[in-house]
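Only one structure is covered here, and it is reproduced in the block below.
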Amino acid sequence: MPPATPDLISPRSPRVLAARRLAKRNFRGKDRLFLAEGPQAVREAAGHRAGDTATLVELFTTTEAAERYADIVGAAREAGARVHLAAEQVIADISTTVTPQGLVGVCRFLDTPFEEVLAARPRLVALLANVRDPGNAGTVLRCADAAGAEAVVLTDASVDVYNPKAVRASVGSLFHLPVAVGVPVEQAVEQLRDAGVRVVAADGAGNRDLDDELDKGTMGGPTAWVFGNEAWGLPEETRALTDAVVRVPIHGKAESLNLATAAAVCLYASARAQRAFGGCRSVTGN
């Protein structure tokens with residue numbers, strides 16, 4: 001059987017133009033839609049629902065990608081998404097990557113109200129305060145997901161979590177755990193503390209050492225880690241809001257750790273401490 005003919009061949013098609021404009025934050029906010037590119041992100045989007053509402057609205061795919069990822073395209077159709085076979089140039093115009101993988105999904109916003117995050121009584125939270133690089137934000141979200149965090153919170157001064165680079169860097173984790181956005185840092189810290197969560201700032205100049213905190217047994221309770229800006233960290237006024245300012249020890253000669261690496265160390269330290277009485281759970285379940 002010959003391959004199917006693309007039904008979208010013009011980059012000027014209204015459907016294509018509507019999707020392409022989602023690369024810009026103001027249009028994402030207006031439409032409350034964002035792009036998810038590549039097989040992993042689209043697969044997760046197709047399987048995600050908010051109540052009775054499917055997250056994936058529309059899927060653009062090349063003929064080759066539709067054949068290679070037939071299971072993903074089938075899942076998109078089952079989710080009720082409109083599926084368009086598109087010419088490679090159309091996909092290239094919608095995509096924000098240098099080398100598109102042939103699948104681009106249009107998804108509904110899926111952020112969770114902060115009040116719902118608090119009501120779930122989370123034990124581990126990543127709070128991004130003034131994180132401006134979308135790649136870092138997406139990577140921290142992925143780390144939080146891997147460490148078993150129950151939520152990620154982005155303050156009102158942080159990058160848009162629906163930025164295409166942030167979505168790609170999360171590698172599907174955006175669809176796995178609650179994400180609250182646009183929360184003022186003072187409100188986030190105060191309400192997390194009121195919910196019984198200890199709020200800890202991660203800062204290279206912290207007066208407490210992560211190893212010492214683990215040895216003293218202070219990391220086993222509900223914890224929210226506050227991560228700051230990539231270039232200048234957390235301002236003094238934000239550090240002052242928290243219950244402790246903790247540094248990741250540098251045992252070698254490295255000057256520092258980048259944001260995502262430090263976040264992974266901190267989140268996994270809390271995850272290990274919280275699981276201590278029940279035994280350490282590995283990623284393989286052994």
Side-chain angles (χ1 to χ4, degrees), residues 114 116-129 131 136 139-155 173 176-180 183 185-229 233-286:
F114 187 49
E116 291 186 18
V117 170
L118 297 171
R121 311 296 293 182
R123 288 185 54 81
L124 185 57
V125 176
L127 174 59
L128 279 60
V131 172
N136 277 336
T139 303
V140 172
L141 201 159
R142 182 183 183 186
C143 293
D145 180 21
E150 284 88 3
V152 173
V153 180
L154 287 90
T155 68
S173 287
H176 292 169
L177 74 170
V179 178
V183 186
V185 65
E186 297 86 355
Q187 175 189 340
V189 171
E190 179 181 359
Q191 292 186 309
L192 282 164
R193 187 182 289 117
D194 289 345
V197 179
R198 182 176 183 240
V199 182
V200 180
D203 194 284
N207 57 2
R208 301 192 189 187
D209 182 283
L210 180 58
D211 283 350
D212 293 340
E213 293 295 300
L214 289 168
D215 289 342
K216 290 187 293 186
T218 63
M219 304 303 299
T223 302
W225 280 98
V226 185
F227 303 109
N229 184 270
L234 289 166
E236 175 56 38
E237 55 267 28
T238 301
R239 295 197 299 269
L241 296 171
T242 65
D243 297 308
V245 183
V246 176
R247 66 182 181 275
V248 175
I250 302 293
H251 300 303
K253 296 180 180 180
E255 185 271 332
S256 63
L257 296 174
N258 65 29
L259 172 64
T261 302
V265 172
C266 294
L267 291 164
Y268 266 93
S270 287
R272 173 77 182 252
Q274 290 176 356
R275 288 161 171 75
F277 292 109
C280 180
R281 184 183 69 186
S282 76
V283 294
T284 61
N286 295 327

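These numbers were taken from a predicted model, which means no experiment stands behind them. We count residues from 1, following the sequence as given.
- Glu236 meets the side chain to side chain donor-acceptor pair (under 3.5 Å) test with Arg239; sequence neighbours excluded.
- Residue Arg272 holds its CZ atom at 14.0 Å from CE of Met219, rounded to the nearest 0.5 Å.
- Val189 is not listed as a side-chain neighbour of Thr238, based on a closest heavy-atom distance of 4.5 Å or more.
- In summary, of the residues considered (Val131, Thr139, Asn229), a side chain to side chain contact (heavy atoms under 4.5 Å, CB included) with Leu259 occurs for Val131 alone.
- The two atoms that bring Ala262 and Val248 nearest to each other are O-CG2, 4.4 Å, heavy atoms only.
- Of all heavy-atom pairs spanning Leu118 and Pro122, the tightest one is O-CD, 3.9 Å.
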Could you give the side-chain donor-acceptor pairs of residues 194-202 under 3.5 Å, partners two or more places apart or in another chain?
{"from": "Arg198", "atom 1": "NH1", "to": "Thr218", "atom 2": "O", "distance (Å)": "3.3"}
{"from": "Arg198", "atom 1": "NH2", "to": "Glu213", "atom 2": "OE1", "distance (Å)": "3.4"}

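- When the salt bridge (Lys or Arg N to Asp or Glu O under 4.0 Å) test is applied to Arg193, the partners found at least two apart in sequence or on another chain are Asp243.
- Residues Ala273 and Leu214 come closest through the heavy atom pair CB-CD2, 4.1 Å.
- Listed by chain and number, the residues in a side chain to side chain donor-acceptor pair (under 3.5 Å) with Gln191 are Gln187 (sequence neighbours excluded).
- Between the Glu150 side chain and the Ala120 main chain, no donor and acceptor come within less than 3.5 Å of each other.
- Rounding to the nearest 0.5 Å places CZ of Phe114 at 4.0 Å from CG of Leu192.
- The CZ atom of Arg247 lies 4.5 Å from the CG atom of Asp209; values are rounded to the nearest 0.5 Å.
- Leu210 has its side chain within reach of Pro249: a pair of non-hydrogen atoms, C-beta onward, lies under 4.5 Å apart.
- With rounding to the nearest 0.5 angstrom, the CG atom of Leu141 is 12.0 Å from the CG atom of Asn136.
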Enumerate donor-acceptor pairs with a distance under 3.5 Å from any side-chain N or O in residues 220-227 to protein atoms, sequence neighbours excluded.
{"from": "Thr223", "atom 1": "OG1", "to": "Gly221", "atom 2": "O", "distance (Å)": "2.8"}
{"from": "Trp225", "atom 1": "NE1", "to": "Cys266", "atom 2": "O", "distance (Å)": "3.3"}
{"from": "Trp225", "atom 1": "NE1", "to": "Ser270", "atom 2": "OG", "distance (Å)": "2.7"}

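- When the side-chain contact (heavy atoms from CB on, under 4.5 Å) test is applied to Asp145, the partners found at least two apart in sequence or on another chain are Ser173, His176, Leu177.
- Not counting sequence neighbours, the partners of Asn258 by the side chain to side chain donor-acceptor pair (under 3.5 Å) test are Thr261.
- Residues satisfying the side-chain contact (heavy atoms from CB on, under 4.5 Å) test with Ala264, not counting sequence neighbours, are Cys143.
- The minimum heavy-atom distance between Gly228 and Leu234, with the atom names listed, is CA-CD2, 3.5 Å.
- Closest non-hydrogen pair, Pro178 versus Val117, comes out as CB-CG2, 4.3 Å.
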